[in-house]
Colleague: 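Here it is, the structure, as structure tokens.
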Amino acid sequence: MDFILIILASGVATGTVLLYATVGEAFSERSGILNLGVEGMMLIGAMTAYKVSAATNNPWLGLLVAMFAAGAISQVHAFITITLQSDQVVSGLALNFLAIGISLVLGEGLTSLRDVVPSLPSFSIPVLVQIPILGRIFFTNQSVMVYLGFIFVPLAWYYINRTRPGLHLRAVGEYPAAADTLGIGVYSLRYFYVFVGGLLAGLGGATISLSISPGWFGALTTAGQGWIAIGLVIFAQWNPVRAAFGAYTFGALRRLVLDIQGPATLLGFANPFFYNPHNAFFLKMIPFAFTIVVLVIGSREANRKRIGTPSALGLPYIRGQRGL
Amino acid sequence: MNQEKLSTETEIVVRMSGVSKRFPGVLANDQVDFDLRKGEVHALLGENGAGKSTLMNVLAGMYRADGGTITVHDQLVDFGSPREAIEAGIGMVHQHFMLVPSQSVTENILLGLDEPRFRMHLPQYNRKIEQMAEQYGLHVDPAARIWQLTVGEQQRVEILKMLYRGADVLIMDEPTAVLAPSEIDELFNTLRSMTAQGKSIVFISHKLHEVMDISDRVTVLQKGAVTSSGVPTADVTRADLARMMVGREVVFRIDKKDVEIGDVVLSVEGLKADNEKGLPALRGVDLNVHAGEIVGLAGVAGNGQSELSETLAGLREALDGKVMVHGEDVTNKSVKSGIRQGISLVPADRTLVGTAPNLSVTDNVIMKNYDQSPIGHGWMVNSTEAGNYATELKDDYDIMVPTIDTSVRLLSGGNLQKVILAREISSDPKLMIAVQPTRGLDVGAIEGVQKLLLEQRESGAAILLISEELEELLSLSDRIYVIYEGEIMGEVLDGDIDKIGQMMTGTRLEQIDTQGDA
């Protein structure tokens with residue numbers, strides 16, 4: 001029981017990283033722009049956050065600068081895909097390599113700063129912590145970023161589904177020509193939401209390096225979580241609440257994969273992952289394999305309920321062209 | 001009609017004088033004068049490319065005029081965007097609906113407005129829109145999502161969108177092109193109720209009978225210039241309008257020769273198939289077509305016509321039943337074997353199914369015989385021969401295109417259809433399935449397409465003509481089947497419109513006959 005609660009609680013912590021990145025990508029995709037550079041933007045965020053915190057001794061400032069750094073680099077993708085109307089997949093992949101490269105160069109030497117750089121605080125929430133089971137999972141000694149995530153998700157959902165700017169966001173991603181004829185600025189809104197996607201990917205990255213697993217480990221800091229986030233967006237059907245559910249589940253899965261390598265015996269048998277570390281590579285693959293499974297299930301469901309992909313996702317908007 | 005309403009005392013809402021609009025290489029509007037009075041339906045008639053939509057796009061703020069003046073309520077205006085036009089009370093309902101399919105009716109109507117400011121209070125706005133819908137007889141559920149609505153309902157949403165923004169001038173761009181006959185009647189009722197409430201309507205069309213039916217006055221454009229400005233519809237005949245529109249006499253009666261009916265070419269028995277959503281679209285269709293006859297298939301859109309044409313051509317799986325061509329079973333055979341059997345399909349969707357838009361005219365016309373001599377040489381294509389072949393077809397079928405290397409996406413609807421027909425007819429089909437062959441074409445092009453179909457009939461092909469234009473079916477077909485919800489309701493030999501109409505709404509022929517006897 002304790003083992004399960006620990007895994008679930010740290011699943012929520014790890015999942016918070018995915019949560020920010022996934023919701024950020026959902027915003028970008030809702031406006032019609034697929035940004036495959038999430039991994040790179042997260043790495044920029046993680047690196048910047050760590051570097052700024054080290055220099056200023058203020059993790060909050062690090063967090064803020066990290067968000068804007070990732071947001072700024074996302075605008076490269078925005079310019080290429082929105083203004084130059086180039087292919088979003090190619091541009092996203094290029095952005096990814098560019099951002100990873102920048103992070104690795106600027107992150108040189110940061111690894112040795114461990115334990116010197118201040119982290120964001122962790123604490124328990126009074127009263128709520130006493131709820132049986134749920135208190136242990138969600139409210140005990142979690143990072144402040146986890147709690148912010150709890151508040152962020154319903155706000156993001158409300159914004160998309162129940163507000164005027166949210167309505168415009170959905171229209172721009174579904175049928176930009178319709179939005180354009182009604183005087184909504186398609187280009188500027190797309191730029192804005194790609195920026196929002198960058199901000200949140202940066203926030204996700206900063207959450208790793210300043211809070212969930214503090215430190216800078218080069219490309220291993222994010223370890224492919226940006227790609228999982230892109231898969232989760234589809235599973236989440238571009239809905240922040242489903243994104244949270246998916247992110248926490250994946251967080252728990254990642255944690256389980258780590259923890260299962262620890263004990264020498266597993267359910268009374270010799271633990272194959274403990275005695276032969278090579279088997280651990282198989283374990284590390286599981287979250288990614290699971291991403292594929294979840295994608296298949298998610299898209300089937302989306303097809304049935306007709307709430308799938310934003311129709312204009314991946315397509316540049318050119319005024320005066322028929323249809324989209 | 002409504003003579004007193006047309007008195008000169010009626011307030012003029014919009015006046016366009018000497019409006020010109022030039023696009024690179026084309027003078028789309030040449031010194032056009034147009035005025036719109038309060039409470040009237042003013043039809044703007046002209047062939048495709050005559051400049052009707054351009055003129056109205058200028059009025060609706062999509063384009064800026066290169067010359068001339070526009071006044072709205074005696075105020076000089078110069079709209080830079082659709083938004084400015086709508087603020088002046090001018091709204092346009094486009095031919096291609098500008099609606100977001102995944103959003104609700106209310107959300108679509110509120111899109112782009114300044115109110116509500118942040119929080120959407122949908123139930124409150126739903127009620128408001130419901131009231132407005134009631135007032136104009138535009139029945140639609142405000143909470144429904146657009147994709148759940150029929151085309152007719154979507155059009156109502158577009159109209160509501162403009163009314164909600166306070167439009168008192170509505171420009172309807174070819175509003176009937178996408179509607180079924182019963183929906184057209186409903187639309188006309190709505191338009192009449194709106195004019196009765198003081199709205200003014202510009203009705204863009206190239207269909208003469210509709211213009212005669214609904215409009216109070218009519219302005220005719222031909223090649224960008226006005227040939228008749230604001231004449232009362234009651235004072236002109238259909239033939240007058242046609243002459244002003246085309247610039248020459250148009251023969252409405254189709255010259256149909258007597259052709260000896262041959263053997264059965266197509267026979268379909270108990271054919272069943274599903275649609276994309278996996279729901280039954282054909283529930284046991286029986287029909288046959290003989291050599292040398294055109295058999296019409298009438299029905300409201302979406303009753304299984306497209307599924308039937310696809311199943312016959314081998315593009316859709318038949319779940320049950322039999323399709324025989326010349327006595328040979330071709331059920332669920334490949335498309336290619338169908339082509340060898342002489343089955344030819346002229347699909348409804350010219351740009352996505354009928355042609356490959358980015359390929360040249362040559363590539364598009366050789367799609368059926370690229371592997372046959374002299375064009376095909378083993379695995380190679382002889383491009384010289386292909387070019388010769390394409391040039392020949394271009395001349396024979398009078399395809400207006402700069403060169404045969406032009407991508408077909410640059411062609412007008414009429415020329416595109418000629419490319420398809422050239423390809424299909426030159427394959428010497430035994431059975432031709434033509435789906436909506438004249439939809440969206442102008443009068444001249446329609447004449448040409450219909451003539452080609454009749455020539456095919458004379459040369460002994462069996463033709464199944466699937467169309468939503470009853471008039472066309474009646475004038476071309478030898479017999480007419482009526483389809484309703486995937487079943488054939490009956491067959492009409494004498495072109496009895498009443499019977500066809502009843503069957504189109506789901507009454508079987510036997511039921512009509514017994515009612516008649518009683």
Side-chain angles (χ1 to χ4, degrees), chain A residues 26 29-32 154-190 234 236-239 300-313 315 317-324, chain B residues 23 53-54 57 60-63 79-87 91-104 106-123 125 145-148 154 157-158 161-162 164-165 173 276-278 351-352 357 409 413:
Chain A
E29 289 189 19
R30 281 273 190 168
S31 81
L155 285 181
W157 182 89
Y158 189 84
Y159 178 85
I160 292 175
N161 292 297
R162 291 284 183 273
T163 71
R164 190 171 72 107
L167 177 68
H168 290 186
L169 162 63
R170 284 181 284 139
V172 163
E174 289 285 348
Y175 198 169
D180 195 22
T181 52
L182 298 174
I184 298 171
V186 175
Y187 294 133
S188 54
L189 274 189
R190 285 187 165 183
I234 298 172
Q237 291 164 1
W238 298 267
N239 174 349
R300 278 190 67 95
E301 192 186 345
N303 273 342
R304 214 183 47 239
K305 290 202 278 185
R306 285 251 205 168
I307 41 164
T309 326
S311 308
L313 180 61
L315 301 171
Y317 175 62
I318 306 163
R319 186 180 278 191
Q321 223 182 34
R322 279 230 168 127
L324 287 166
Chain B
F23 290 115
S53 296
T54 306
N57 274 320
M62 298 284 278
Y63 303 140
F79 301 131
S81 73
R83 209 183 173 121
E84 289 173 32
I86 194 84
E87 273 158 17
M92 183 155 175
V93 174
H94 293 268
Q95 210 175 345
H96 302 266
F97 296 149
M98 296 289 183
L99 297 169
V100 183
S102 60
Q103 294 182 354
S104 78
T106 305
E107 285 178 317
N108 265 285
I109 290 173
L110 295 180
L111 198 60
L113 292 175
D114 295 331
E115 196 224 303
R117 287 221 54 83
F118 186 73
R119 192 165 154 244
M120 305 283 292
H121 205 298
L122 285 180
Y125 287 99
R145 306 215 169 253
I146 298 300
W147 63 264
Q148 297 170 318
Q154 292 183 19
V157 179
E158 281 282 19
K161 199 158 96 179
M162 292 308 151
Y164 190 88
R165 283 162 168 73
D173 191 1
E276 276 82 18
K277 291 174 212 149
T351 45
L352 291 174
R409 78 186 142 82

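Fair warning: this is a prediction, and the values are worked out from it, not measured in the lab.
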Colleague: Among A:Arg164, A:His168, A:Arg170, single out the residue with the greatest number of heavy-atom pairs under 4.5 Å to chain B.
Modeller: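 Heavy-atom pair counts peak at A:Arg164.
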
Colleague: Report yes or no: does A:Asp180 contribute a side-chain atom to a donor-acceptor pair with the main-chain N or O of A:Pro176 at less than 3.5 Å?
Modeller: no

Colleague: Quick one: what part of B:Met62 sits under 4.5 Å from any heavy atom of chain A, side chain, backbone, both or neither?
Modeller: side chain

Colleague: Of all of B:Leu99, B:Val100, B:Leu111, which one pairs up most often with chain A through heavy atoms under 4.5 Å apart?
Modeller: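 Most heavy-atom pairs under 4.5 Å with chain A: B:Leu111.
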
Colleague: Counting distance only, does the side-chain N/O of B:Arg165 pair as donor-acceptor with the main-chain N or O of B:Ile109 below 3.5 Å?
Modeller: yes

Colleague: Between A:Glu174 and B:Pro101 (side chain of the first, backbone of the second, donor and acceptor by atom type, cut-off under 3.5 Å), is there such a pair?
Modeller: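 It does not hold such a pair.
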
Colleague: Which bit of B:Glu107 is near chain A, if near means a heavy-atom gap under 4.5 Å: side chain, backbone, both or neither?
Modeller: both

Colleague: Counting only non-hydrogen atoms closer than 4.5 Å, does B:Leu113 touch chain A with its backbone (N, CA, C, O), its side chain (CB onward), both, or neither?
Modeller: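 Contact with chain A involves the backbone of B:Leu113 alone.
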
Colleague: Assess whether a salt bridge exists between B:Asp114 and B:Arg83, defined as any Lys/Arg side-chain N lying under 4.0 Å from an Asp/Glu carboxylate O.
Modeller: yes

Colleague: Could you walk me through whether B:Met98 and B:Glu158 satisfy the side chain to side chain contact (heavy atoms under 4.5 Å, CB included) test, starting with their C-alpha distance in whole Å, then the side-chain angles of each, then the deciding distance to 0.1 Å, before giving a yes or no?
Modeller: CA-CA 8 Å; B:Met98 296 289 183; B:Glu158 281 282 19; 3.5 Å; yes

